[in-house]
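Only one structure is covered here, and it is reproduced in the block below.
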Amino acid sequence: MVIDKNILVIVAHPDDAESYCGGTIARLARGGNHVRLVLCTNGDRGSHDRALGPTDLVCVRKKEQGEAAEILGIEQVFWLGYRDGELVSHINELRERLIRLIRQQRPDIILTFDAWKHYEFHPDHRSVGFAAGEARMLADLPWVCPELTLEGISPWHPAEMYLFAPQEANYWVDISEWIEVKIRSRLVHRSQTDFARTEEDLQDFIRQIKAHASKAGSACGYAFAEAFHKVDNTDVYL
Ligand SMILES: [Zn+2]
């Protein structure tokens, strides 16, 4: 388990981090690492509630994300502010903004989506996975975005990248001690549990989270785990 590392978690929407790697974030943050979160969209279309317009929804979701970040121990949240569902149209600009953030924050480890996951229909999830992976690779090349060098922002290569919700898992993080924290951080995204009309619905949702983490844990002998595809054969390790 690493200590004193910089970790950058790059996601599409408020609640992605908590859903896919909340236990890992809590474990890393409480274990003496510095976890920062990049939200590429503002989540302004993530509701079935026709009475809640996009502008109000953004306010709600920013507040929810702030609460979740505090629960998980995330030190800083960067909002890139793209509209929900539109990232594919901004992919080049998104990649450049992520290069800037990677060079500024100098993370040792990046956590992001697996863009190659079969049947991943959300275009924002695929776009973030591609843009983050490409940004990580290009951030180390001085002739990519050379204007950043003039601003005093030097090239940087994050040593490791882990893809969450992976097509092919090859790495598991034990979150047995952190499953309740993960659930708590997910549930404060109240706008994203509007499907739960009764307490029983909510308990069903909690059971689903636990069952998913338990299934991941069964692959590696942990009570609860989160699965990743570890991209490089390096030895920093989560
Ligand atoms: Zn999402």
Side-chain angles (χ1 to χ4, degrees), residues 7-26 35-49 52-69 71-72 74 77-91 93-95 97-98 101 110-136 161-167 169 173 175 182-196 205-206 208-209 212-213 216 226-229:
I7 292 122
L8 197 61
V9 184
I10 305 175
V11 302
H13 312 107
D15 89 346
D16 284 344
E18 293 72 22
S19 301
Y20 298 115
C21 57
T24 302
I25 291 173
V35 183
R36 296 180 175 87
L37 175 64
V38 183
L39 271 296
C40 294
T41 80
N42 58 18
D44 66 341
R45 289 170 180 158
S47 175
H48 298 95
D49 184 352
L52 186 61
T55 306
D56 290 337
L57 181 57
V58 170
C59 291
V60 168
R61 299 197 74 181
K62 282 194 171 175
K63 187 168 176 296
E64 292 171 346
Q65 185 62 73
E67 286 181 56
I71 290 169
L72 294 180
I74 292 169
V77 180
F78 300 97
W79 292 87
L80 301 191
Y82 291 102
R83 296 202 69 182
D84 204 335
E86 294 187 0
L87 281 182
V88 71
S89 314
H90 304 282
I91 191 79
E93 185 189 270
L94 172 62
R95 186 172 57 216
R97 292 181 73 182
L98 293 177
L101 269 173
I110 287 180
L111 308 183
T112 194
F113 280 102
D114 183 352
W116 296 272
K117 185 177 185 180
H118 292 176
Y119 315 116
E120 172 53 79
F121 289 113
H122 204 307
D124 291 343
H125 292 183
R126 297 195 307 269
S127 296
V128 167
F130 281 123
E134 291 163 5
R136 179 212 180 208
M161 184 165 73
Y162 295 78
L163 309 179
F164 49 71
Q167 178 63 33
V173 174
I175 63 160
K182 173 187 171 82
I183 290 168
R184 197 150 49 88
S185 73
R186 175 60 185 83
L187 293 184
V188 296
H189 291 278
R190 288 172 285 275
S191 67
Q192 304 304 301
T193 52
D194 56 358
F195 56 85
F205 180 54
I206 292 169
Q208 284 172 30
I209 295 174
H212 193 262
E226 284 169 340
F228 296 87
H229 186 88

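Remember, it's 1-based here, ligands and their atoms both numbered in the order they're listed. One-based numbering along the sequence shown. From a predicted model like this one, the values you see are computed outputs, not experimental measurements.
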Quick one: report the N, O or S atom of [X] that is nearest to the Zn ion (ligand 1).
{"X": "His125", "result": "NE2"}
{"X": "Asp16", "result": "OD1"}
{"X": "His13", "result": "ND1"}

Validation: residues 53-61 side-chain donor-acceptor distances under 3.5 Å, sequence neighbours left out:
residue: Arg61; atom: NH1; partner: Gly43; partner atom: O; Å: 3.0
residue: Arg61; atom: NH2; partner: Pro14; partner atom: O; Å: 2.6

| said: Which label fits Phe130 and Trp116: parallel for a plane angle under 30°, tilted from 30 to 60°, or perpendicular past 60°? | reply: perpendicular

| What orientation do His125 and His122 show, parallel under 30°, tilted 30 to 60°, or perpendicular over 60°? | parallel

| request: Could you tell me which residues satisfy side-chain contact (heavy atoms from CB on, under 4.5 Å) with Arg36, sequence neighbours excluded, listed by chain and number? | output: Asn6, Leu8, His34, Glu75, Gln76, Phe78, Gln105

